[in-house]
Every structure is written in structure tokens, then in C-alpha cells.
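Nothing here was measured: the structure is a model prediction, and the numbers come from that model.
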Amino acid sequence: MPKDSPLELTRRPRRLRRFASRRAMVEETVLRPADLIAPLFVVDGTPAPEEIGSMPGVFRLSIPDLVKECQELHALGIPAVALFPKLDPKLKDENGTQALNRETLVLRAVRAVKAAVPELSIVTDVALDPYTTHGHDGVLNAEKDNVDNDRTVAILAQMAVLQAEAGVDFVAPSDMMDGRVGAIRRALDAAGYTDTGIIAYSAKYNSAYYGPFRDAVGSAQAAGTRLLSKATYQMNPANRREAIEEVLLDVAEGADVVMVKPAGAYLDIIREVRDAVRVPVAAYQVSGEYSQIQAAARLGWLDLVRTRGESLLAIKRAGADIILTYFAKEFAKAYKG
Ligand code: PBG
């Protein structure tokens with residue numbers, strides 16, 4: 001196009017993209033370490049940190065190493081951690097009995113972290129999968145062909161009270177049983193834990209992206225078998241309206257924060273949830289999302305730092321106020337105000 005005959009354009013959006021400073025001026029979404037929760041895996045004893053095969057850069061930590069990691073995360077501006085125990089398989093049984101033991105691994109970890117870094121918020125999962133031999137999030141019914149909703153909820157409510165007693169700031173029911181948020185709220189209040197909050201895994205999908213996590217906590221047993229499908233409680237990935245129904249139920253039952261999980265493949269759900277409620281919305285960038293970026297980066301097919309940042313930014317832009325991500329520490333380390 002010759003210089004003397006420019007296109008007659010009223011609007012030229014490129015003007016706003018001319019320099020980095022100008023692009024920053026009109027930037028709509030900002031991601032900060034303060035938006036992130038770091039999920040961490042804890043093991044018993046004092047083994048050296050053990051890298052999870054399918055999650056490069058993620059380690060199972062002993063309690064002393066976990067405490068150090070939490071101190072570092074706090075210093076980097078990460079506001080919260082979500083703790084997941086990997087239990088010795090010998091301690092698992094069909095009913096997940098260890099979940100109600102005051103001295104169980106995760107509760108000891110909570111006490112140690114709280115004592116060392118009181119201002120770091122601690123989130124713990126309320127679900128039986130780390131504790132059951134079959135890997136389900138609850139106890140089975142008499143026919144052993146499904147998870148028993150109401151018996152499971154009664155156990156989860158007790159589990160939440162033990163977690164509150166150990167000092168967690170937020171319990172996070174990730175089990176997808178009906179009515180568990182209300183039951184947990186009532187149990188916490190009755191025990192005097194009115195300040196312990198609930199981050200509800202409200203729209204948790206039955207997703208293949210949890211594969212590496214199940215390796216990490218050793219709950220993969222049921223995967224693939226008839227018994228190990230979680231399709232009778234986790235949501236069908238085909239459903240959108242149902243996510244809103246689940247979220248509204250959890251808010252009505254007392255959830256302080258609602259969550260969508262996974263995140264990257266469910267950005268539409270995050271947006272709809274953000275528009276449907278006023279409470280903060282969390283999204284969980286799950287293990288498989290992390291692993292696929294790491295794997296492609298290792299092959300030299302994707303730039304790790306840029307893909308990491310873009311994947312998280314997209315989740316925030318979709319409407320998440322809080323993001324659980326295995327990239328939390330590396331993101332915070334690279335963050336420049
Ligand atoms: C289990 C639980 C799962 C995750 C968090 N809590 C897995 C599952 O439902 O089987 C997945 C997290 C991830 O994949 O990173 N209650």
C-alpha cells in the first residue's frame with residue numbers, strides 16, 4: 001500500500017501495542033504469586049525428596065522438607081499450600097480408617113507447617129482416596145459397586161473437624177458427595193471451628209488429567225477397572241449447566257470459595273461460574289495439565305516459561321480468582337513485581 005493512500009480506518013488497535021510500556025498500560029489481566037496455591041505431596045519418615053515420575057520438578061517431601069518448602073513459598077509471596085499425603089500402602093484399608101486417626105501423616109504435617117509458618121494458609125483435601133485400598137473418595141456400599149454417599153459424608157465431616165483441630169485454614173472437600181459442604185460446615189461450627197473455611201471442589205469433572213496425581217499419591221489402583229471409575233460422583237465432562245447447579249448448591253451450603261477442576265480444558269465453565277456467583281472462584285490446573293506442558297518442553301516442542309505463564313494467565317482471564325498450580329513456586333521465583 002503506497003504511503004500516500006492509507007487505508008481509511010477509524011480504528012487501529014495496533015496503536016495500543018506499539019511499546020511494551022503501552023501494552024502494559026492496557027493489559028486487562030494480571031497474574032501475581034498472591035493468586036496461587038501450591039499443591040504439595042508429603043510422605044512419612046525422612047527420605048530424600050523423591051521426584052514423581054510423571055511430574056518432573058514435583059517431589060514427595062518428608063515433613064521437615066515440607067516445612068522448608070513452605071517457608072520458601074511464603075517468602076516468595078505464595079499465600080497458601082494444599083497438602084496431599086502419600087500413605088504407606090500398609091496403612092490403607094477398604095474404609096480409609098486412617099483418615100480419622102489424629103496422628104495420620106497429613107495432620108502431623110499440618111501441625112508442623114502451622115508452627116513454622118503461621119501466616120501461610122493451609123488447605124487440606126477432604127476425601128478418602130489417599131486412605132482407601134480401592135482408591136475411591138469414599139466408602140463403598142453393601143454391593144460394593146458404588147460409593148455410599150451418606151456414610152461417606154458422615155466420615156468426611158469428622159475428617160474435616162480433625163483437620164481444623166490440627167490447624168488447617170481451609171478444608172477442601174474434593175469427593176463430590178452430595179450434601180457434604182453443608183454437613184462439614186455444621187460439624188465445624190458445632191466443634192467451635194467457625195473460622196475454618198471451606199474451599200469446595202464444586203465442579204470437579206471425571207477427568208483423565210488426574211492421572212499423574214494418582215501416581216503421586218498412589219491412588220491409581222481403581223483407574224481403568226469397573227470399580228475405579230469415579231463417574232458416579234465426579235461430573236461428566238460433557239456437562240455445563242450442571243456445573244452451575246453444583247456451584248450454587250455449595251454456596252447455599254456454606255462454601256467460602258468454589259472451585260472448578262481441571263482448569264485449562266474447562267475455561268468456559270470457569271467463566272460461567274464466575275458470572276453465576278459472588279464468592280471467590282478457584283480453579284485447579286491439575287497434574288495432567290502440568291505434565292503435558294513439562295513433557296512438551298522437555299522434547300523442545302514448547303517454551304516452558306512462556307507456556308507456563310500463558311496457561312495460568314488464561315485461567316485467570318477466564319475468571320479464576322485463585323489458581324492451584326504445580327507451577328506456583330517457579331512462577332513466583334520468576335515474577336518481577
Ligand atoms: C482426590 C483428588 C484428586 C485430585 C485432587 N484431589 C484426584 C482424583 O479425584 O482422583 C487431582 C489433582 C491433580 O490431578 O493434580 N480427591
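- Asp35 places a side-chain N or O within donor-acceptor distance of the main-chain N or O of Arg32, the cut-off being under 3.5 Å.
- Here the shortest heavy-atom pairing between Asn141 and Asp145 reads ND2-OD1, 2.8 Å.
- Contact detail for Glu51 and Gly57: the closest heavy-atom pair is OE2-N, 2.5 Å.
- In terms of modelled atom types and a separation under 3.5 Å, the side chain of Asp148 and the main chain of Arg151 share a donor-acceptor contact.
- Using modelled atom types, no side-chain atom of Thr152 and backbone atom of Gly138 make a donor-acceptor pair closer than 3.5 Å.
- Leu120 approaches Ala80 most closely through the heavy-atom pair CD1-N, 3.8 Å.
- Of the options Lys86, Arg108, Arg60, a side chain to side chain donor-acceptor pair (under 3.5 Å) to Asp44 is made by Arg108 and by none of the others.
- Residues Leu248 and Ala276 share a closest heavy-atom pair of CD2-O, 4.0 Å.
- Side-chain atoms of Thr232 and Asn146 form a donor-acceptor pair, as typed in the model, at a separation below 3.5 Å.
- With sequence neighbours excluded, no residue forms a salt bridge (charged side-chain N to carboxylate O under 4.0 Å, His left out) with Asp195.
- For Gln285 and Ser311, the side-chain atoms include at least one donor-acceptor pair closer than 3.5 Å.
- The two residues Ala263 and Ile315 have their closest heavy-atom pair at CB-CD1, 3.6 Å.
- Each side-chain hydrogen bond (donor to acceptor under 3.5 Å, both in side chains) pair with one or both residues in residues 249-274, not counting sequence neighbours, appears once here: Arg180-Asp250, Ser202-Asp250, Arg240-Glu272, Arg271-Asp275, Arg274-Asp321.
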For this session: Walk me through it: do Asp215 and Ser54 pass the test side chain to side chain donor-acceptor pair (under 3.5 Å)?
Result: CA-CA 8 Å; Asp215 284 346; Ser54 49; 3.2 Å; yes

Exercise. When you look at Ser287 and Tyr326, which way does the side-chain contact (heavy atoms from CB on, under 4.5 Å) test go after all the steps?
Worked result: CA-CA 7 Å; Ser287 55; Tyr326 300 96; 4.2 Å; yes

Problem set entry | Derivation of the side-chain contact (heavy atoms from CB on, under 4.5 Å) call for Val81 and Ser121 | CA-CA 6 Å; Val81 294; Ser121 292; over 6 Å; no

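- Considering all non-hydrogen atoms of both residues, Tyr205 and Tyr210 come closest at O-OH, 2.6 Å.
- A donor atom on one side chain and an acceptor atom on the other are found under 3.5 Å apart for Tyr201 and Asp125.
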For this session: Apply side-chain contact (heavy atoms from CB on, under 4.5 Å) to Met235 and Lys204, showing your working.
Result: CA-CA 6 Å; Met235 280 184 56; Lys204 177 171 178 178; over 6 Å; no

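- Considering only heavy atoms from C-beta on, Glu330 comes within 4.5 Å of Arg308 through its side chain.
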